[in-house]
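Worksheet for the structure shown next.
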Amino acid sequence: MLGVDDFALRRGHHYGTILIDIESRRPVEVLGDRTADTLAAWLQDHPGVEIVCRDRAGAYADGATVCAPDALQVADRWHIWNNLATAVERTVARHRTHLSAAVSADPGEGTRQPQIATGPAQPTTTVPEPRERADRTAIRTRQRHTEIHSLIAEGNSIRAICTKLGLPRGTVRRFARAATAEELLVNNGTGYRPSMLDEFKPYLHLRWAEGCTNATQLFDEITARGCRGRANLVRAYLRPLRIGQPVAESVIKPRAVRRVVGWLMTDPAALDPADTQRLDAILTFSPALACLAGHVQSFATILCQLRGRDLERWMKAVDADDQPALQSFVRGLRQDQDAVTAGLSLQWNSGPVEGPVNRIKMIERQMFGRAKPDLLRKRILLSN
């Protein structure tokens with residue numbers, strides 16, 4: 001049972017491959033690169049491998065298929081779940097306007113409007129939606145999206161578009177997957193850096209207007225509501241309010257895309273009750289995101305209970321819905337379906353490989369720039 005994973009010899013430039021005996025969890029070989037040919041050559045010289053645990057990298061899949069065709073390939077469950085998280089993030093970004101509209105339905109914030117407090121006038125920071133952006137980056141993104149989709153409509157392949165426009169393959173694929181340019185403009189591009197207090201400012205204004213001016217007490221109250229900041233942050237924000245001039249009402253910001261993705265990808269039983277209420281408000285307002293949440297929960301059941309036999313039925317259900325990002329994820333699963341099904345059915349995975357990879361990082365820090373890869377290989381193989 002062989003575990004295969006890559007590690008950085010020089011991050012972003014040069015990578016090697018480590019091979020692990022899954023049962024004993026000990027390294028058996030270190031290869032100088034991460035190509036299919038190198039892995040295939042090693043497998044040819046070492047017959048008898050029955051199971052290959054790997055990530056979703058195509059090179060390792062091709063190498064194992066060529067020289068170990070009888071071996072069962074097992075795709076790692078963490079990497080499958082991570083691929084799903086990427087698709088979920090793209091879907092939430094596509095419907096990010098629903099997050100803004102659902103704020104008013106948030107039982108923790110939207111149902112109680114803050115009153116005008118007293119204090120110095122503070123400028124209200126507003127973050128433009130993607131459709132409102134007219135900066136140079138937004139204009140270039142819209143032009144590039146139009147150009148790439150025009151070339152796709154003419155029948156050009158991704159590789160041909162990369163050559164014609166001089167763009168990396170990943171960039172072209174990202175633009176090709178986006179239905180509109182606005183999906184790619186998730187960041188506001190204004191340089192606005194959100195504060196940990198942003199979502200709690202309306203509550204602070206409300207409590208101040210009710211007569212509570214104790215910063216420590218207010219900090220304890222917002223901490224109970226999920227704030228992760230420090231008491232000094234609250235004191236600094238409340239200090240101008242003590243002067244006695246009118247303060248502009250704070251703007252309730254919509255939930256960040258990645259926070260909503262985190263809620264969707266977390267076991268509902270492990271979610272904080274307040275976060276559960278916020279997520280329910282969003283899903284009630286947005287049928288598309290509610291459908292997405294259903295697909296995520298169904299896939300989580302397949303993954304946690306190792307019910308790989310239900311994968312095909314889940315993929316057909318996704319194909320029947322209007323979920324472009326999830327459908328792209330499903331197309332990737334179908335290209336590697338045997339290994340994915342095995343990964344969602346068997347107890348084996350690439351987890352045992354992560355320990356040696358982490359140990360390699362420590363060894364590299366100890367000897368960086370002082371020795372060649374052959375010494376690194378010996379230290380990896382002889383490490384316990």
Side-chain angles (χ1 to χ4, degrees), residues 1-68 71-86 170 258 262 265-267 270 303-304 306 336 339-340 342-384:
M1 298 180 185
L2 187 69
V4 184
D5 202 358
D6 61 3
F7 65 93
L9 291 167
R10 183 184 176 195
R11 184 172 296 278
H13 297 276
H14 190 195
Y15 289 82
T17 297
I18 184 170
L19 307 180
I20 302 293
D21 184 334
I22 292 295
E23 293 183 303
S24 66
R25 302 197 173 199
R26 293 185 61 86
V28 295
E29 186 55 273
V30 177
L31 306 180
D33 56 41
R34 54 177 179 179
T35 63
D37 293 340
T38 302
L39 177 61
W42 189 91
L43 290 173
Q44 188 172 11
D45 295 337
H46 301 80
V49 175
E50 298 178 357
I51 293 179
V52 177
C53 297
R54 57 171 177 80
D55 56 19
R56 302 294 307 285
Y60 294 146
D62 295 341
T65 301
V66 170
C67 289
L72 176 63
Q73 297 186 36
V74 180
D76 184 58
R77 289 189 288 276
W78 183 89
H79 288 88
I80 298 172
W81 185 251
N82 187 55
N83 295 150
L84 176 62
T86 302
R258 288 203 171 185
M265 302 296 291
T266 300
D267 183 357
L303 184 144
C304 295
L306 297 182
D336 197 22
V340 171
L344 297 176
S345 304
L346 305 177
Q347 60 177 328
W348 309 110
N349 60 75
S350 298
V353 187
E354 298 305 322
V357 169
N358 189 62
R359 190 178 299 117
I360 290 173
K361 296 177 182 178
M362 180 193 67
I363 295 174
E364 287 181 319
R365 285 194 293 269
Q366 292 174 340
M367 57 180 287
F368 178 75
R370 300 187 181 92
K372 295 182 180 180
D374 55 347
L375 178 58
L376 175 64
R377 172 180 175 276
K378 290 182 179 179
R379 292 197 60 181
I380 294 172
L381 296 180
L382 294 175
S383 64
N384 186 359

So do the side chains of [X] and [Y] get within less than 4.5 Å of each other, counting heavy atoms only?
X      : Y      : answer
Val30  : Leu376 : no
His46  : Leu2   : no
Met265 : Trp81  : yes
Asn82  : Trp78  : yes
Gln44  : Val66  : no
Trp42  : Leu31  : yes

Task: Whether His14 side chain and Gly32 backbone form a donor-acceptor pair below 3.5 Å - done: yes
- [ ] Apply side-chain contact (heavy atoms from CB on, under 4.5 Å) to the pair Val353 and Arg25, showing each step before the final yes or no.
- [x] CA-CA 7 Å; Val353 187; Arg25 302 197 173 199; over 6 Å; no
TODO: Can you run down the salt bridge (charged side-chain N to carboxylate O under 4.0 Å, His left out) pairs that involve residues 31-51, sequence neighbours left out, and say none if there aren't any?
DONE: Asp6-Arg34
- [ ] Look at Asp336 together with Arg56 and state whether they make a salt bridge at an N to O cut-off of under 4.0 Å.
- [x] yes
Task: Asp55/Arg77 salt bridge by N-O under 4.0 Å criterion - done: no
Provide the closest heavy-atom pair for [X] versus [Y] in the form atom of the first, atom of the second, distance.
X      : Y      : value
Leu72  : Ala342 : CD1-CB, 4.2 Å
Pro352 : Ile20  : O-CG2, 4.4 Å
Ala59  : Thr35  : CB-C, 4.3 Å
Leu43  : Gly63  : CD1-O, 3.9 Å
Phe7   : Ile380 : CZ-CD1, 4.5 Å

Task: Ile18 and its side chain to side chain contact (heavy atoms under 4.5 Å, CB included) partner, picked from Val4, Ile360, Val28, Leu381 - done: Ile360
At what distance, to the nearest 0.5 angstrom, does [atom1] of [X] lie from [atom2] of [Y]?
X      : Y      : atom1 : atom2 : value
Arg359 : Glu354 : CZ    : CD    : 12.0 Å
Asp76  : Ser350 : CG    : OG    : 4.0 Å
Ile22  : Met1   : CD1   : CE    : 9.0 Å
Leu39  : Tyr60  : CG    : OH    : 7.5 Å
Leu84  : His79  : CG    : NE2   : 14.5 Å
Asp374 : Lys378 : CG    : NZ    : 6.0 Å

- [ ] Go through the steps for Cys53 and Val74 under the test side-chain contact (heavy atoms from CB on, under 4.5 Å), then give the verdict.
- [x] CA-CA 5 Å; Cys53 297; Val74 180; 4.3 Å; yes
- [ ] Given side chain to side chain donor-acceptor pair (under 3.5 Å), test Thr17 with Glu29 step by step and report yes or no.
- [x] CA-CA 8 Å; Thr17 297; Glu29 186 55 273; over 6 Å; no
